[in-house]
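Let me begin by presenting the structure, written as structure tokens, before commenting on it.
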There are 2 protein chains.
Amino acid sequence: MPSISKENYIKAVYSLCQNDAHSVSTSALATKLNITNAATSDMAKGLSKQGFIKYEKYKGVSLTPKGEKTAIEIIRKHRLWELFLMKSLELGWEEVHSEAEHLEHQTTEFLMNKIDDFLGNPKFDPHGEPIPQKDGTIPNMEAQISLNKSQVGKEYLVKRVNDESKEVMDYFTEIGLNLNSKIKIKNFLKYDNSTIIELNDNVHSFSEKIGKRIFISQLNE
Amino acid sequence: MPSISKENYIKAVYSLCQNDAHSVSTSALATKLNITNAATSDMAKGLSKQGFIKYEKYKGVSLTPKGEKTAIEIIRKHRLWELFLMKSLELGWEEVHSEAEHLEHQTTEFLMNKIDDFLGNPKFDPHGEPIPQKDGTIPNMEAQISLNKSQVGKEYLVKRVNDESKEVMDYFTEIGLNLNSKIKIKNFLKYDNSTIIELNDNVHSFSEKIGKRIFISQLNE
DNA sequence: TTGTAAAGTTAAGCATACTTAAACTTGAAT
DNA sequence: ATTCAAGTTTAAGTATGCTTAACTTTACAA
């Protein structure tokens, strides 16, 4: 029942609480949502009163169980739409994020479950992200590290990528980097912390910022 | 670019200008949109200033060419979604209207054209309504009359139904009334203007209000 | 032709979701 | 302990999309 703005706020709290701590600052939310600090503080009051978030002034924001349930439902819709658009319409993995971003707010439970069943109740979306299940549980991902944390000389498989930037996803597509692509780490440049890898017999480099958004697992020979 | 409220307003103007005149009263719009008269007058000013409608105080509302183009684009999205949900997810013809009602406002041209192509650029939706094409043209329907205007004793094929009421669509499904169902007109009751028909060897009656929403064409032997 | 009921509009008010600008906390360096 | 800059919140204002209540216009019946 929350509005689109509120759903996006809840989603942002969820995603920013994943990596870091158990709470987010309002300014981090403002950056993520592209609104002013003032607006995020304001919004926090409303969502707190409605029981979606825990908010202590000057201390940041975190989700209540109710808020987390809501976030997971939205993420479920987002990821199922992504997979569905790829499977049924053959969109590219770089095209589906922005469409899902809109559709996720206008999809009934009924339709979502139809799509889920059509897809055979999948566990992962086209970018390797786990799809929250009908019962709210989130499938486990196999152990992964970000590209930045890899070891020079070793080989890995690409297991997950962050799809928020269409630009970056287009680049991945262009160089043939896909889920389960095999890569070999050639070097780390001290100069800018970029990573040099070998992929399909070609050499590429990724900036630190991009490297943080590629997740890999070690290839066991 | 109009908001969801504005899109729905434009759609309502379009649909209410179809049957009757070339213009609608604000109160007719209020009834259709389930908002107050005051709100429709207010909205009219805004949409008029933005060039979507022609609005003269106390004289009703009509679409400008720009408004009509917008209306047709929304209807295209609605009807393509309906067909797509039926074809790809096997939803029933009674289930797709309310889903499309939401999705139509959150769908890019890009995605819509993908869906259009996937479906083979169809000309009619699951309820017999013509689907506006990519170029804005609307396919011609073959000559149809509403059930009310039929002749006792003659046989007809069901060619189009109004799908706005889920309740009514559920009833059609229950009695096995589909597109291209063959029906025979048994009688008109003077008492309440209802129509008695024969369908699949069963006899049914439809109120005047429902009869107005079933469109048929004469069966040529 | 005029009075009046119905139809339609304006005015004022509310909630949401923002903005900018001013005021306030916090905490870390002095 | 004090200061002050960064971070955060409050206050005031805006646009949208509605509401209710009061007012205006229209049309048509007498």
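The figures that follow rest on heavy atoms only: side chains count, while hydrogens, waters and symmetry mates do not. Labels below follow one simple rule: chain letters A, B, ... track the order of the sequence lines, proteins then strands, and each chain is numbered from 1.
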- Task: Assess whether salt bridge (Lys or Arg N to Asp or Glu O under 4.0 Å) is satisfied between B:Glu94 and B:Lys166, documenting all intermediate values.
- Result: CA-CA 6 Å; B:Glu94 75 284 0; B:Lys166 168 97 166 28; 5.7 Å; no

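- Contact check, A:Lys57 against C:dT25: no side-chain N or O comes under 4.0 Å of OP1 or OP2.
- Between the CD1 atom of A:Ile10 and the C1' atom of C:dA17 there is a distance of 15 Å, rounded to whole Å.
- A perpendicular orientation is assigned to the rings of A:Phe84 and A:Phe118, their planes being inclined by more than 60° (bins at 30° and 60°).
- Residue A:Lys45 is in sugar-phosphate contact alone, with no base atom involved, counting any heavy-atom pair closer than 4.0 Å across all strands shown.
- Just one of B:Lys123, B:Lys77, B:Arg79, B:Arg76 meets the salt bridge (charged side-chain N to carboxylate O under 4.0 Å, His left out) condition when paired with B:Asp116; it is B:Arg76.
- No contact: B:Tyr9 has no heavy atom under 4.0 Å from any strand.
- Under the 6.0 Å cut-off for aromatic ring centres, A:His102 and B:His105 do not qualify, their centroids lying 6.0 Å or more apart.
- Atom CD1 in B:Ile4 sits roughly 11 Å away from atom P in D:dC18 (whole-Å rounding).
- When all heavy atoms are compared, the tightest approach of A:Tyr9 to A:Thr40 is OH-O, 2.9 Å.
- Within the cation-pi definition used here (under 6.0 Å to the ring centroid, within 45° of the axis), A:Lys159 does not qualify as a partner of A:Phe215.
- Within residues 25-41 of chain B, the residues having any heavy atom under 4.0 Å from DNA chain C are, by residue number, B:Ser25, B:Thr26, B:Ser27, B:Asn37, B:Ala38, B:Ser41.
- Atoms CD (A:Glu7) and P (C:dT16) sit 15 Å apart, rounded to a whole Å.
- Rounded to an integer number of Å, the gap from A:Asp42 CG to C:dC18 C1' is 8 Å.
- B:Val158 and B:Asn178 make their closest contact through CB-O, 3.5 Å (heavy atoms, listed as atom of the first residue, atom of the second, distance).
- Considering only side-chain atoms of A:Ser5, the nucleotide from D:dT25, C:dT26, C:dC18 that sits closest is C:dC18.
- Rounded to an integer number of Å, the gap from B:Tyr58 OH to D:dT26 P is 7 Å.
- If you take NZ of A:Lys59 and C1' of D:dT8, they are 13 Å apart, rounded to a whole angstrom.
- The CD-P distance, from A:Glu56 to C:dT26, rounds to 10 Å in whole Å.
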